[in-house]
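Chain letters run A, B, ... following the sequence lines, proteins first, then strands; residues in each count from 1.
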Number of protein chains: 2
Amino acid sequence: MAAVVAATRWWQLLLVLSAAGMGASGAPQPPNILLLLMDDMGWGDLGVYGEPSRETPNLDRMAAEGLLFPNFYSANPLCSPSRAALLTGRLPIRNGFYTTNAHARNAYTPQEIVGGIPDSEQLLPELLKKAGYVSKIVGKWHLGHRPQFHPLKHGFDEWFGSPNCHFGPYDNKARPNIPVYRDWEMVGRYYEEFPINLKTGEANLTQIYLQEALDFIKRQARHHPFFLYWAVDATHAPVYASKPFLGTSQRGRYGDAVREIDDSIGKILELLQDLHVADNTFVFFTSDNGAALISAPEQGGSNGPFLCGKQTTFEGGMREPALAWWPGHVTAGQGRLMDRPIFYYRGDTLMAATLGQHKAHFWTWTNSWENFRQGIDFCPGQNVSGVTTHNLEDHTKLPLIFHLGRDPGERFPLSFASAEYQEALSRITSVVQQHQEALVPAQPQLNVCNWAVMNWAPPGCEKLGKCLTPPESIPKKCLWSH
Amino acid sequence: MAAVVAATRWWQLLLVLSAAGMGASGAPQPPNILLLLMDDMGWGDLGVYGEPSRETPNLDRMAAEGLLFPNFYSANPLCSPSRAALLTGRLPIRNGFYTTNAHARNAYTPQEIVGGIPDSEQLLPELLKKAGYVSKIVGKWHLGHRPQFHPLKHGFDEWFGSPNCHFGPYDNKARPNIPVYRDWEMVGRYYEEFPINLKTGEANLTQIYLQEALDFIKRQARHHPFFLYWAVDATHAPVYASKPFLGTSQRGRYGDAVREIDDSIGKILELLQDLHVADNTFVFFTSDNGAALISAPEQGGSNGPFLCGKQTTFEGGMREPALAWWPGHVTAGQGRLMDRPIFYYRGDTLMAATLGQHKAHFWTWTNSWENFRQGIDFCPGQNVSGVTTHNLEDHTKLPLIFHLGRDPGERFPLSFASAEYQEALSRITSVVQQHQEALVPAQPQLNVCNWAVMNWAPPGCEKLGKCLTPPESIPKKCLWSH
C-alpha cells in the first residue's frame with residue numbers, strides 16, 4: 001500500500017529525501033524549495049490521476065520523473081486553515097485557524113476577518129531564514145490580511161499576490177475590492193488594475209504569477225538557497241485563464257485554467273534545468289483542498305472516485321493530488337515514508353480519522369438542510385444515505401467505518417458486527433485517544449469579524465490614490481454557515 | 001503497494017482465500033465458484049475505480065464488502081486468448097491460443113477459425129468435476145465453435161450462450177448468423193430468434209443470461225458445489241441493453257449496458273444471500289481485456305489513467321477491474337498475495353514484462369500505418385511519440401522502461417542512463433530469462449481458417465430447420481491484421 005502523507009508533514013518528505021540525497025551525492029548546499037500550491041484542484045484533475053482528457057502533460061511528466069502520492073491529504077477541507085497548516089506543519093486546531101462560534105464549522109479569512117496567523121506560530125520561511133534561505137510567496141496568502149499578518153512579517157522576503165480570494169467586483173462602498181501587493185505595499189486591486197472578466201473568464205494573472213516565479217528563480221539561483229511558494233488561484237471560482245488558453249480545453253473553462261497552470265509549471269521546471277539547479281531544487285506540488293464540486297464542471301474540478309468535495313471531511317474534501325520532483329534525489333527517497341493517521345477536522349470538531357486503509361467517521365455532515373434546499377450541494381449526484389447527512393450526526397459511540405481501498409467512495413460502511421470493524425475501531429480509537437490527550441487547542445483566530453478591518457486602505461494606497469474610508473468599527477461574531 | 005495478480009493465477013486467490021476461510025470456519029464443504037467475466041469492460045468503468053457518473057452501485061458494494069484489485073491483469077489484450085488463459089491458468093503461448101502466421105499478431109476465434117481449445121488442456125471445470133462440482137457456462141464461450149471444442153466436452157455440464165461474438169446480422173449465404181446454444185444443441189441464431197436491434201441497441205440477452213444464472217444457482221445451491229461462469233457480452237460492440245435500461249445512463253449506450261449488468265449482478269448476489277449460500281460462494285469479477293477505445297464512448301468503455309486499450313500491450317489493453325467477494329472469507333485472506341511478474345504477449349511475441357512497479361517494453365506496436373490511416377485507432381487522443389508506434393519497433397536491446405506508479409499512462413520512459421533504469425532492467429531481464437527458459441510454446445491453434453467450418457449446421461439445426469449448406473472446404477492461413 002502506498003504511503004499516507006499529510007500536508008502537515010510535507011516537510012518531512014524533504015528531510016527524508018534530503019538525507020537520502022546527501023548520502024548519495026555528498027552535496028553540502030541546502031536544496032532550494034519550490035512549493036506549487038493549487039487552489040481547489042481535485043485529486044482527479046491530473047492526467048496521471050486519470051483525468052480522461054489528459055491535458056496536464058507537464059505535471060504528468062513531473063510525476064513520471066518524481067514521486068506520485070495517491071494518498072496525500074490536506075489538513076483541512078477549506079483554503080485558509082489548509083494553508084496555515086501547510087506553512088506551520090500544524091493542524092488548524094493547534095495553529096488557531098479555526099472557529100468556536102459553532103461546532104464543526106469551516107472558517108476562513110474573508111475581508112471582514114479580524115484574526116490571522118498568530119506571531120507564536122513558526123512558519124516554514126521563518127525556519128528557512130535561519131538557514132540562509134530567501135523566500136518569496138507568489139499568489140494567494142490567505143492567512144490574514146491585516147498588517148500584523150503580512151507575509152513579510154512571517155518569514156517571507158518577497159510577495160507578489162493577494163491576501164484574500166479574487167472574489168468581486170465590489171462597489172468599494174459596502175465592500176472594497178481585494179488588493180494586490182508587491183512586497184509591503186499594494187499595487188492595485190482586482191477588477192481595477194488587475195482585471196478578471198467574469199463573463200469570458202479572461203485574466204492574465206497566471207501569466208503574471210509565472211513571470212514572478214521565473215524572475216525570482218533567475219535572481220536567486222546563483223546566490224542563497226531559495227524557497228518559492230507559488231500559490232496560484234486560477235482554478236478557484238471565478239475560474240480564469242489568459243486569452244491563449246481560453247477555449248482550448250475539452251473540459252471547459254476550468255480545464256483552460258488547469259492547462260495554463262500546467263504549461264506554467266512546465267516553464268518553471270524547464271528554467272530550473274536551464275539554470276542547472278534542478279538537481280538542487282526540491283519541488284512539491286499539491287492543492288489546498290478538494291475540488292469545489294458546487295462549481296463543477298464549468299468552474300470546478302474532479303475528485304476522482306472520492307466522495308463529495310471542498311468543505312467536507314469525506315475523501316473528496318481532503319485527498320489531494322501530490323507530486324514531488326527532485327532529479328537525482330527522489331528515486332532514492334522513494335518508499336521510506338510510513339503510514340500515519342490522518343485527522344479530519346471541521347472547525348473545532350474531529351469529524352473522522354484514518355489509520356491504514358480504515359477511516360472512522362465520528363460525525364457526518366455536508367451542510368444544513370436550509371443551505372441544501374437553497375441549492376448549495378457539496379456532493380452533487382452523490383447522496384449516500386446516512387453518510388452525506390444534512391444534520392450533524394453523532395457517531396462517536398459507534399463510528400461509521402469504511403475501507404478506503406475497497407470503497408474509496410465511502411458508500412458502504414462496514415458491518416458493526418464484523419471482526420474487521422471491531423479490529424479497526426480498536427486501533428483507531430487508541431490512536432485518536434493519544435492524539436486528543438496530546439492536543440493543546442490554540443486560541444481560535446477565526447471567531448471575530450468586523451467590516452472596519454476590510455481592505456479599505458492597505459499600505460501603499462496613498463501613493464496610488466486608492467485609499468477608501470472604513471466604516472465604523474463594530475466587532476461581531478463571524479457567521480459560518482458550513 | 002497493492003498486489004499484482006494475473007488472470008492466469010486467479011485460481012490461486014481461491015486457494016489462498018479458501019485456506020484462510022477453512023481455518024476460520026472449519027467448513028468442510030468446498031465453496032461454490034461464481035466467475036463473472038465482462039467483455040471489453042475497462043479498468044475505469046466502475047464507480048469504485050473512479051468512473052465519474054457512478055452507475056455501478058452493486059459492483060461498488062461488492063468491492064466494499066470484498067476485495068478490490070487495482071493491479072489485476074488479463075493474460076492477453078484480446079478476447080479468445082484471454083478467456084483460454086482464464087480457464088486453463090496458462091498463458092496463450094502455452095495453451096495454443098495464438099498465431100504464428102505473422103509476428104506479434106493478435107488472433108481470436110471468428111467463425112472461420114479451424115482451431116480451438118486443445119484436448120490436452122485441462123480446464124477449470126474439468127478439475128472441479130473431479131471434486132464433485134457441477135459447472136455451467138452462461139454467455140460467450142470463444143474457445144472454438146467446432147464440435148470437438150464444445151464447452152460440454154471440456155468440463156462444463158451446462159451451457160446457455162454462444163460460441164462466437166454477437167456480430168451480424170449476416171445473410172446466411174456468404175456467412176451464417178451465429179448460433180445460440182442450450183447445452184449440446186443450438187436453439188436459434190442471433191438476429192433471428194435472438195434479436196439485437198443495431199439501431200436502438202435493444203436486446204434482451206442480458207436478462208436471459210441473468211435468468212439462466214439465477215435458475216442454475218437455485219437448482220444447485222442445495223446439492224453439489226457449483227461453478228458458474230457468467231460470461232456476458234453486452235459491453236462488446238455492438239453494445240446492447242434491454243428496454244428498461246436503454247437511455248438510462250449518463251454515459252450513453254455503453255453505460256446502459258453496464259447498468260444492466262450491474263443490476264443483474266446485484267440480483268445474483270442477493271439470491272446467494274437469500275439462499276444462505278453467500279458465505280460458501282467465492283465470487284470473482286473481472287474482464288477479458290481493456291476497453292475497446294475504438295468503439296468509445298458510445299459503444300466502448302474507459303481504461304482510466306492507462307494508455308490505449310484492447311488489442312495493445314499497453315496498460316489499457318490488459319489492466320482489468322477485478323473484485324473478489326466471499327462474505328466472511330475474503331477479509332481474512334486480504335493482502336497475502338505476492339507481487340509477481342506480468343508477461344504481455346501479442347501472439348507469439350513477448351512485447352513487455354512488468355515486475356513490481358517497473359514495466360519494460362521489448363517491442364512496441366499499436367497497429368499498422370495502413371490500418372491507422374483507415375481510421376482504426378487503438379489509442380485515440382493518446383499518441384505518445386516513440387511509444388504508440390505504428391511500426392513494430394524492436395527495443396529488445398534497450399527496452400523502454402516505465403514506472404507504472406508515477407506514470408500509469410506510459411508516457412515518460414526512464415532515462416537509459418539512470419540508476420533506476422539499470423536496476424529495473426537487470427531485475428526484469430533475469431525474470432524474463434527464467435520465463436523463457438521454462439517456456440514450452442504450444443502448437444498454435446489460431447493459424448488456419450476455412451469458410452467451410454463456419455456455423456452452417458450446428459448440432460440441433462435439423463430440429464429447428466435451420467441447417468445451412470457449407471461451401472467447399474478450402475483451408476487457408478488466417479489473416480490477422482493487428
Side-chain angles (χ1 to χ4, degrees), chain A residues 1-3 24 43-44 46-55 57 60-70 250 296-297 302-307 323-325 327-328 330-332 334-335 357 381-382 384 402-415 418-421 423, chain B residues 1-3 24 43-44 46-55 57 60-70 250 296-297 302-307 323-325 327-328 330-332 334-335 357 381-382 384 402-415 418-421 423:
Chain A
M1 196 182 58
W43 192 94
L46 275 55
V48 73
Y49 283 90
E51 201 289 311
S53 61
R54 289 175 168 73
E55 295 178 334
D60 298 351
R61 173 183 291 277
M62 184 178 157
E65 296 173 356
L67 280 177
L68 180 147
F69 299 86
Q250 297 172 48
S302 156
N303 296 315
F306 303 116
L307 185 63
L323 311 174
W325 186 84
V330 294
T331 303
Q334 198 178 319
Q357 292 273 39
Q382 298 189 332
V384 182
F402 298 92
H403 187 286
L404 295 179
R406 304 191 313 254
D407 181 22
E410 294 169 278
R411 287 183 292 170
F412 308 100
L414 299 185
S415 157
S418 68
E420 183 184 0
Y421 179 92
E423 194 270 336
Chain B
M1 196 182 60
W43 192 94
L46 275 56
V48 74
Y49 282 90
E51 200 291 311
S53 60
R54 289 175 168 73
E55 295 178 334
D60 297 351
R61 174 182 293 276
M62 184 178 157
E65 295 173 355
L67 280 178
L68 179 147
F69 298 87
Q250 297 172 48
S302 157
N303 296 316
F306 303 116
L307 184 63
L323 311 173
W325 187 84
V330 293
T331 303
Q334 199 179 318
Q357 292 273 41
Q382 299 189 334
V384 182
F402 298 92
H403 186 286
L404 295 179
R406 305 191 312 255
D407 181 21
E410 294 168 280
R411 287 183 293 171
F412 308 102
L414 299 185
S415 157
S418 68
E420 183 184 0
Y421 178 92
E423 194 271 335

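With a threshold of 4.5 angstrom between heavy atoms, Arg411(A) approaches chain B through side-chain atoms but not through N, CA, C or O. Using a 4.5 Å cut-off between heavy atoms, Phe306(B) contacts chain A through its backbone alone, with no side-chain atom that close. Using a 4.5 Å cut-off between heavy atoms, Gln382(A) contacts chain B through its side chain alone, with no backbone atom that close. Proximity to chain B (any heavy atom under 4.5 Å) is restricted, for Pro57(A), to the backbone atoms N, CA, C and O.
Top candidate by heavy-atom pairs under 4.5 Å with chain B, chosen from Leu323(A), Leu414(A), Leu68(A), Leu46(A), is Leu68(A). Note: Ala64(B) leads Gly405(B), Gly47(B), Ala64(B) in heavy-atom pairs under 4.5 Å with chain A. With respect to chain B, the highest number of heavy-atom pairs below 4.5 Å among Ser415(A), Ala63(A), Gly44(A), Ser418(A) belongs to Ala63(A).
Within the 4.5 Å cutoff, side-chain heavy atoms of Pro408(A) are placed close to those of Val48(B).
Looking at Arg406(B), its side chain never comes within 3.5 Å of a backbone N or O of Met62(A) through a donor-acceptor pair.
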